[in-house]
Amino acid sequence: MTLPRAVDVLGVRIDDVTYVEAMAVLRKAIAGREPHVVTTPNPEFVMLARRDAEFSRTLDRAALNIPDGVGLLLAARLKGDRLRQHVQGTDLVLMLAAESASAGYRWFLLGGYGDVAQRAGWALQRQFPGLQVAGAAAGSPLAANDAATRATIRQAGRVDILLVAYGAPKQEHWLDRNLAALGIPVGIGVGGVFNYLSGDTPRAPGWVRRLHFEWLHRLVTQPWRWRRQLMLPLFAVLALRAALVRRING
C-alpha cells in the first residue's frame, strides 16, 4: 500500500503512519511476499544519520520508518508539520505478535547477546499462545558473516517476520544487505526489544509510557546510556533552528 505521507526531520524521512496503518503495510507485505525493511527512528537515529551518510541512505531505502521517538513528533510540530501518532516499535511488535498467533505468521529472532533471542521467543509464545517462532539465533552483524547467518535462518524454513536486534545502525545495515536475499516479507530492527521481552530489562510502566517519558526511565534504569542521551539536547537545538529557518523563510 502507499504510505500516507512522510515528514522530514533534520534530513531523515519519517513516515506519518498510525499503528493501524503500519499493521496494514506489514500485512500486505506478508501477503505479497515482498521484503519490507522496517526501522524505528528516534532522535538518536536522526543524530547518527546526520554524521553517518551510509546510515542516512539505509534509512532512506527502508520501506517504513515509523515515528518511534516522541522527540520526532515534537520536532515536526515545531516546524508546523505533524506526525499523527507516536508508533513505538515495542508495541508494534506486540501487536504483530498477537495477529501472528491467529494468522499463522512464522517468526525468526536474530541478534542480542547469548541466548536472549531464544528466551525472548519463548516469552512471546507464552504471551501469545499459537505464535510460531521458527527459530532464534545470535548470528552476527558483520558483513563477512552474512552468508553463514542467512544459512542459519534458511534452516528454519518459511519465515514471515524477522526481528533483528543488533542496535542501530548495525541492525538496519544488516537488514538492508540481507532481507531481499532471504525473501522474508517483514524485517524489523528492534534494538533492545529482546531484553524487554525476555525480562532481562524492565520496560517503563504504562503510565510513564503514556506521558512519553520512556526515554527517561531507560536512562534511570540503564545509566550507561547517558552518553547516547547527550545527543538529545543537540537534537532539540537543531530542531528549534530548523523551525525558525522555516518560519523566517515563510
Side-chain angles (χ1 to χ4, degrees), residues 1 3-7 9 12-31 34-46 59 62-73 76 83-112 117 120-121 123-125 127-128 130-133 136 159-168 171-172 174-175 179 184-198 201 203-206 208-210 212 214-215 217-218:
M1 66 180 290
L3 297 178
R5 59 190 287 273
V7 174
V9 177
V12 174
R13 189 196 93 233
I14 307 298
D15 294 310
D16 180 28
V17 291
T18 63
Y19 280 109
V20 170
E21 291 165 349
M23 285 293 293
V25 170
L26 304 185
R27 203 175 291 122
K28 184 175 181 181
I30 294 169
E34 181 182 352
H36 277 53
V37 173
V38 180
T39 78
T40 59
N42 57 28
E44 293 176 24
F45 273 55
V46 172
L59 292 176
L64 180 62
N65 296 327
I66 66 171
D68 180 83
V70 69
L72 305 179
L73 280 73
L83 289 164
R84 290 168 296 152
Q85 192 169 24
H86 182 199
V87 180
Q88 294 181 275
T90 303
D91 291 326
L92 185 64
V93 165
L94 294 175
M95 291 175 66
L96 192 55
E99 180 164 318
S100 297
S102 58
Y105 301 152
R106 288 166 55 86
W107 289 41
F108 195 102
L109 280 61
L110 177 68
L124 281 169
Q125 289 179 307
Q127 186 172 355
F128 303 102
L131 177 65
Q132 299 180 54
V133 177
V159 174
D160 303 302
I161 297 163
L162 172 65
L163 304 187
V164 181
Y166 289 134
Q171 61 196 16
E172 289 75 24
W174 192 95
L175 285 164
L179 193 66
I184 295 174
V186 174
I188 310 175
V190 296
V193 167
F194 293 174
N195 300 337
Y196 297 133
L197 295 174
S198 66
T201 301
R203 195 179 179 199
V208 173
R209 299 199 300 273
R210 287 191 293 273
H212 304 297
E214 191 166 12
W215 63 271
H217 180 270
R218 286 198 299 267

(request) Mind checking the CG-CD1 spacing from N42 to I66? Nearest 0.5 Å is all I need. (result) 10.0 Å
(message) I'd like to know if the side chain of H86 reaches the main chain of D68, judged simply by a donor and an acceptor atom lying under 3.5 Å from each other, with no hydrogens or angles considered.
(response) yes
(request) Quick one: pull up CG in L179 and CG in L162 and give me the separation to the nearest 0.5 Å. (result) 6.5 Å
(message) What's the separation between atom CD1 in I188 and atom CG in L175, rounded to the nearest 0.5 Å?
(response) 9.0 Å
(request) Please name all residues satisfying side-chain contact (heavy atoms from CB on, under 4.5 Å) with A97, sequence neighbours left out, ordered by chain then number. (result) W107, L124, F128, L131
(message) Show the nearest heavy-atom pair for residues S198 and A120, with the distance to one decimal.
(response) CB-N, 4.1 Å
(request) Please report the closest heavy-atom contact between P41 and L72, naming both atoms and the distance. (result) O-CD1, 3.2 Å
(request) Check the pair T90, V93 against side chain to side chain contact (heavy atoms under 4.5 Å, CB included), reporting the backbone distance first and the verdict last. (result) CA-CA 5 Å; T90 303; V93 165; 5.8 Å; no
(message) Quick check: closest heavy atoms across V87 and T18, and the distance to 0.1 Å?
(response) CG2-C, 3.9 Å
(request) Measure from the side-chain N and O atoms of E99 to the backbone N and O of L96, and report whether any donor-acceptor pair falls under 3.5 Å. (result) no
(message) So, using side-chain contact (heavy atoms from CB on, under 4.5 Å) as the criterion, who are the partners of A6 when residues are at least two apart?
(response) R13, D15
(request) Spell out, as yes or no, whether a donor-acceptor pair under 3.5 Å connects the side chain of N65 to the backbone of T40. (result) no
(request) Taking all heavy atoms of G121 and all of V133, pick out the closest pair and write down the distance. (result) O-CG2, 3.9 Å
(request) Starting at OG of S100, measure out to CE of M95 and round the result to the nearest 0.5 Å. (result) 11.5 Å
(request) Can you see which heavy atom on G111 is nearest to which on A117, and at what distance? (result) O-CB, 3.6 Å
(request) Report yes if the side chains of V25 and H36 come closer than 4.5 Å at any heavy-atom pair, otherwise no. (result) yes
(request) Work out which heavy atom in A165 is nearest to a heavy atom in G191; give both atom names and the distance. (result) CB-O, 3.2 Å
(request) Go through the steps to decide whether Q88 and V70 satisfy the test side chain to side chain contact (heavy atoms under 4.5 Å, CB included), and finish with yes or no. (result) CA-CA 9 Å; Q88 294 181 275; V70 69; over 6 Å; no
(message) Rounded at 0.5 Å granularity, tell me how far CG in L59 sits from OG1 in T39.
(response) 5.0 Å
(message) Between Q85 (side chain only) and Y19 (backbone N and O only), is there a donor and an acceptor less than 3.5 Å apart?
(response) yes
(message) Under the rule for side-chain contact (heavy atoms from CB on, under 4.5 Å), what residues qualify as partners of I30, not counting sequence neighbours?
(response) Y105, D160, I161, P185, V186
(request) State the CG-CD distance between L26 and E21, to the nearest 0.5 angstrom. (result) 12.0 Å
(message) If you define the side chain from C-beta out and look only at heavy atoms, does anything of P35 sit under 4.5 Å from I184?
(response) no
(message) Quick one, V37 with W174, criterion side chain to side chain contact (heavy atoms under 4.5 Å, CB included). Give me CA distance, side-chain angles, the key distance, then yes/no.
(response) CA-CA 10 Å; V37 173; W174 192 95; over 6 Å; no
(request) Ignoring hydrogens and angles, tell me if any N or O in the side chain of Q171 forms a donor-acceptor pair with the backbone of Y166 under 3.5 Å. (result) yes
(request) Test side chain to side chain contact (heavy atoms under 4.5 Å, CB included) on L109 and F194 and set out the steps. (result) CA-CA 9 Å; L109 280 61; F194 293 174; 3.6 Å; yes
